[in-house]
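Heads up, the thing below is written out as structure tokens.
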2 protein chains.
Amino acid sequence: MPDVFQLLSDPTRRHLLEALRNGERSVNDLVERTRMSQPAVSKQLRLLKDSRMVALRRDGRKHLYSIRGEPFREASEWLGFYERFWRRSLARMDEILGTDTPRRKRGKA
Amino acid sequence: MPDVFQLLSDPTRRHLLEALRNGERSVNDLVERTRMSQPAVSKQLRLLKDSRMVALRRDGRKHLYSIRGEPFREASEWLGFYERFWRRSLARMDEILGTDTPRRKRGKA
DNA sequence: GCATAACATGCCTTGGAAGATATATATTCA
DNA sequence: TGAATATATATCTTCCAAGGCATGTTATGC
């Protein structure tokens with residue numbers, strides 16, 4: 001079972017996940033939103049399912065896929081460790097542009 | 001220039017990024033924390049630098065690498081679209097376990 | 001200038017992943 | 001039961017990325 005970032009690294013897989021943001025979709029729905037063959041889509045869905053990023057519900061001969069949030073959370077938490085780095089750079093830009101929100105008094109010029 | 005998730009998909013690259021959480025490190029510092037050769041580490045650092053995930057500062061013959069936050073932010077924002085999915089599943093677990101915080105009155109049982 | 005240290009780059013090899021095509025499986029309908 | 005629909009799986013090919021080794025480059029110290 002590969003890790004979450006590995007799964008997210010493929011643009012076509014991200015595209016599928018984006019298409020699932022508004023709720024469950026059938027395989028054909030998803031195929032129509034890509035330029036790939038149906039087997040290719042099914043293959044990627046399989047990988048996403050195996051790593052629990054999507055859930056599968058069967059309705060007749062339709063297979064409805066939907067997002068499962070937990071793995072995304074892991075990735076998000078990992079990225080959380082770097083939040084201070086981008087906040088820092090935003091603060092620097094604010095200083096340069098003089099557009100910072102004066103939350104606390106800063107050292108005088 | 002490959003995208004951020006692509007860069008994050010490699011475990012050794014993530015390992016390097018984790019080693020940089022506490023500040024800038026020289027190449028040798030980083031090599032000692034991995035089981036890879038120095039050229040392999042330099043290669044990955046190059047990729048991370050090209051995609052602006054790390055910055056390079058030269059001090060004599062030492063090359064000090066450090067985190068640049070912006071690209072991480074992009075990835076974090078993309079993942080933010082899935083936050084409601086993992087919150088939802090947490091809420092479900094709360095319901096099952098009866099440990100939910102009663103923020104608003106829920107439908108009667 | 002020469003030796004060494006600290007990195008970077010070039011080249012080569014290899015494993016794996018992604019997609020296409022063909023085929024198998026399951027479900028509905030006549 | 002047989003045909004059509006909806007999806008999964010199997011197999012094959014191709015491509016790329018990761019790592020190793022050898023070598024180039026830049027900086028320091030003598």
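Between the CZ atom of B:Arg57 and the C1' atom of C:dA6 there is a distance of 15 Å, given to the nearest Å. B:Asp50 places its CG atom 13 Å from the P atom of D:dA17, with the value rounded to the nearest Å. Atom NE2 in B:His15 sits about 13 Å away from atom P in D:dG19, given to the nearest Å. In this structure, the CG atom of B:Leu56 is 7 Å from the P atom of C:dA8, given to the nearest Å. Per the geometry, CD belonging to B:Gln38 stands 15 Å off P belonging to D:dG24, to the nearest Å. In this structure, B:Arg35 atom CZ and D:dG20 atom P are separated by 12 Å, rounded to whole Å. Residue A:Met36 contributes atom CE, which lies 5 Å from atom P of C:dG19 at whole-angstrom precision. D:dA17 atom P lies 9 Å from atom CG of B:Leu47, rounded to whole Å.
The phosphate of D:dG19 has OP1 or OP2 within less than 4.0 Å of a side-chain N or O from B:Thr12. Taking 4.0 angstrom as the limit, B:Gln44 places none of its side-chain polar atoms (N or O) nearer than this to OP1 or OP2 of D:dA17. For C:dC7, neither phosphate oxygen OP1 nor OP2 lies less than 4.0 angstrom from any side-chain nitrogen or oxygen of B:Arg58. Between B:Asn28 and C:dC7 there is a side-chain polar atom (N or O) within less than 4.0 angstrom of OP1 or OP2.
Seen from the ring of A:Trp86, B:Arg52 does not count as a face-on cation partner, given the 6.0 Å and 45° thresholds.
For A:Lys43 against C:dA18, a side-chain-to-base donor-acceptor contact under 3.5 Å is present.
B:Ser26 and B:Asn28 share no donor-acceptor pair across their side chains, judged by distance under 3.5 Å alone.
A salt bridge links B:Arg73 and B:Glu77; the closest N-O separation between the charged side-chain nitrogens and carboxylate oxygens is under 4.0 Å.
The backbone N or O of B:Leu30 sits nowhere less than 3.5 Å from a side-chain atom of B:Arg25 that would complete a donor-acceptor pair.
A 6.0 Å sphere centred on CZ of A:Arg46 holds no more than 12 heavy atoms belonging to other residues, nucleotides or ligands.
Between A:Ser37 and A:Arg61, the residue anchored closer to the 5' end of DNA chain C is A:Ser37, taking for each the nucleotide with the nearest heavy atom. Of the residues near DNA chain C, B:Tyr65 and A:Asp10, the one whose nearest nucleotide (by heavy atom distance) lies more toward the 5' end is B:Tyr65.
B:Arg46 comes within contact range of the sugar-phosphate backbone alone, with a heavy-atom separation under 4.0 Å but no base atom that close.
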